[in-house]
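Side-chain atoms are counted along with the backbone in the values below, which use heavy atoms only and exclude waters and symmetry mates.
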Amino acid sequence: MSSRAIEHFDDKARATLEHAGRTTIYRGEILRHPVYDRVLHWSIALFFFLALFTGFGIYLPWLFRWFTPIFGGGQLSRILHPYFGVAFVFFFSLQVLNWFQPMLWAPGDTRWMRNIKAIASGEEKVDPPETGFFNAGQKVMFWEIVAGCIVYIITGTILWAGAKTFGRIAVATSYVLHDISALIMLGGIFIHIYQSTFGEPGTFQAMVRGAVSEAWAWTFHPAWYKQVTGRDPVQACEEARRQMAGGKIP
Amino acid sequence: MADRKALQAEMISGHTTPSPGLGMQRDLEVCKLVDTTTCIGCKACEVACAEWNDLPFSLTTFDNTYQTMPETRWNFWNLIKFNEHQNPDGTIQWLMRKDQCMHCADPGCLAACPADGAIVKYANGIVDFNQENCIGCEFCVSGCPFNIPRFNPATKRVYKCTLCSDRVGDGLEPACIKACPTGCLKFGSKDDMKFIAEERAKQLRDNFGWQNAGVYDPQSVGGTHVIYVLHDATDPERYGNLPKNPTIPWSYTWWKWLFKPVLGTFALLGGLGILFHHVTNGPRVPQPEPPKREENHV
């Protein structure tokens, strides 16, 4: 599929879903995620957790055996897990097409990563000025999931078909790689959920309503703010600070 | 077995001397001995197995040998493997080996199985599958060095030889043993069978010229509760892929018992780490924040 065809597909999907749903943007807000982004994100999230819970019941039964009854027992968990996984990979691959361009690594991202300690500790209150639509942390997680999905597909196919088809050593090795991939992704999801809810307040609405406040945008994604509004993020922030000091609500 | 031990007499009324047999230790571990040198390939054991275990009939595949089918199946647990082996001097050996679960002391299937109670190893050495607990993941197939567990796609469960645990539990010998007409199959305690097997191997070496005759009881899986007497114990592969050094994949040994729980715990600690990051460092909020209070010392 040529990149033109992918763009065409994405444009069509965006238009269709924008028509089916809506995104309300109030004054002082910016559009962050259109309906298509959100539908894909929550489809991925749904199947990720279904696959995670069915998988964890098999991964550590002595600790997570209580997961399997939710899905109708061990047998059904085992049957459903690969289908959940396939659905997860399917929706994520649509998201890859959708977000391929903004997820590409930029020189500013390397600087962001070097600065990660100060950003994570909250020492840096505002993200570096070159932080675009996605920051480097988001990009790392995105590409980790891409790599993880490739591992899932290969090892998952081997585990699904079994030792009868691929031999016992292939299955035994795949089983370990499948586990490791899941554990890395689980760690990433912990951080992802934390950052988007309690860690950086004002983020969650981007994925449910689709809009974020301008203050959120110039704080966490200054370069994107500049690109969308044409205003300088630092100046905008200072202006808001002055207004706030003057007793006005920005 | 346990019942018999419990029913051993300890005190007897009106009996002057200590009760007979008190303190006697019954050898708990059972073993099936297969003497490949006296097997005639009659397949009576195959029939007895299918009969006793009430295994449904299925069509076989003819592959130009005497073998009933190429491999055991979920409904065919006991298969005589026929192999024609050419010796270096040009002579042909027609080898017959009864293929079934080996009931390892260190079972790879059990190590691989993630389902609680799906695979049980009894104190008498029998490794048994409980299909009601099996989730059909087939990890046991990759854990087994003898290629024994068989998946039934209709029930999504895995099946194999039970060493007739139902018969053995009632003090009977397995069905295959009962059917064997030549006495090449024997059943008893592990020690007794090992002794008989070694005697037979010595006889083969001393009197019949099989210099490499020996007993197959691979220690790499802790020994097995089915042992073979082979004409040539140095090359078990010739008896239809009997592995010389059967092993359990590392992913079911140190990965599963050490790294899996350790890494799983790390993942959970990561969750705790995030919680404490929040309560110590707090959130990063959109700027500008409201002006701080004057008396704020922090």
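With Ser77(A) as reference, Phe71(A) is the one residue of Phe53(A), Phe71(A), Phe84(A) to meet the side chain to side chain contact (heavy atoms under 4.5 Å, CB included) rule.
Against chain A, the residues from residues 54-76 of chain B that qualify, each with a non-hydrogen atom under 4.5 angstrom away, are Glu71(B) in number order. The contact list for residues 100-109 of chain B toward chain A, using heavy atoms and a distance under 4.5 Å, is empty.
When each of Lys125(A), Gln195(A), Lys164(A), Glu124(A) is checked for heavy-atom pairs under 4.5 Å with chain B, Lys125(A) comes out on top. Across Glu123(A), Glu238(A), Arg78(A), the residue that shares the most heavy-atom pairs under 4.5 angstrom with chain B is Arg78(A). Interface check for chain B: of the options Gly187(A), Gly122(A), Gly202(A), Ser121(A), the most heavy-atom pairs under 4.5 Å are formed by Ser121(A). Chain A forms the most heavy-atom pairs under 4.5 Å with one residue out of Gly282(B), Ala115(B), Pro261(B), Gly273(B), and that residue is Pro261(B). Put simply, of Thr203(A), Thr173(A), Leu60(A), Ile119(A), the one with the most heavy-atom pairs under 4.5 Å next to chain B is Ile119(A). The candidate from Val285(B), Val141(B), Ile274(B) with the greatest count of non-hydrogen atom pairs under 4.5 Å with chain A is Ile274(B).
With a 4.5 Å cut-off on non-hydrogen atoms, Leu269(B) does not touch chain A at all. Residue contact with chain A, scored on non-hydrogen atoms closer than 4.5 Å, is absent for Phe266(B). Residue Leu76(A) does not touch chain B at all, counting heavy-atom pairs closer than 4.5 Å. Proximity to chain B (any heavy atom under 4.5 Å) is shown, for Phe56(A), by neither the backbone nor the side chain. Interface residue Phe190(A): backbone and side-chain heavy atoms are both found under 4.5 Å from chain B.
Side-chain polar atoms of Trp112(A) and Asp127(A) form a donor-acceptor pair below 3.5 angstrom. Checked by atom type, the side-chain pair Asn241(B)/Arg238(B) shows no donor-acceptor distance below 3.5 Å.
Aromatic rings of Phe88(A) and Phe47(A) (six-membered ring for Trp) have centroids beyond the 6.0 Å cut-off, not under it.
Here the straight-line distance linking atom CD1 of Ile248(B) with atom CG of Leu110(B) works out to 9.5 Å at 0.5 Å rounding.
Taking the centre and axis of the six-membered ring of Tyr239(B), the NZ or CZ atom of Lys81(B) falls outside the cone set by 45° and 6.0 Å.
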Next on the checklist: The test is side chain to side chain contact (heavy atoms under 4.5 Å, CB included); show your working for Tyr228(B) and Leu242(B) and say whether it passes.
Outcome noted: CA-CA 10 Å; Tyr228(B) 292 108; Leu242(B) 191 60; 3.8 Å; yes

Next on the checklist: Working note: Asp99(B) + Arg97(B), criterion salt bridge (charged side-chain N to carboxylate O under 4.0 Å, His left out); need CA distance, chi angles, decisive distance, verdict.
Outcome noted: CA-CA 6 Å; Asp99(B) 187 34; Arg97(B) 177 178 69 88; 3.3 Å; yes

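A donor-acceptor pair is defined here as one N or O able to donate and one able to accept, closer than 3.5 Å; no such pair exists between the side chain of Lys156(B) and the backbone of Gln75(A).
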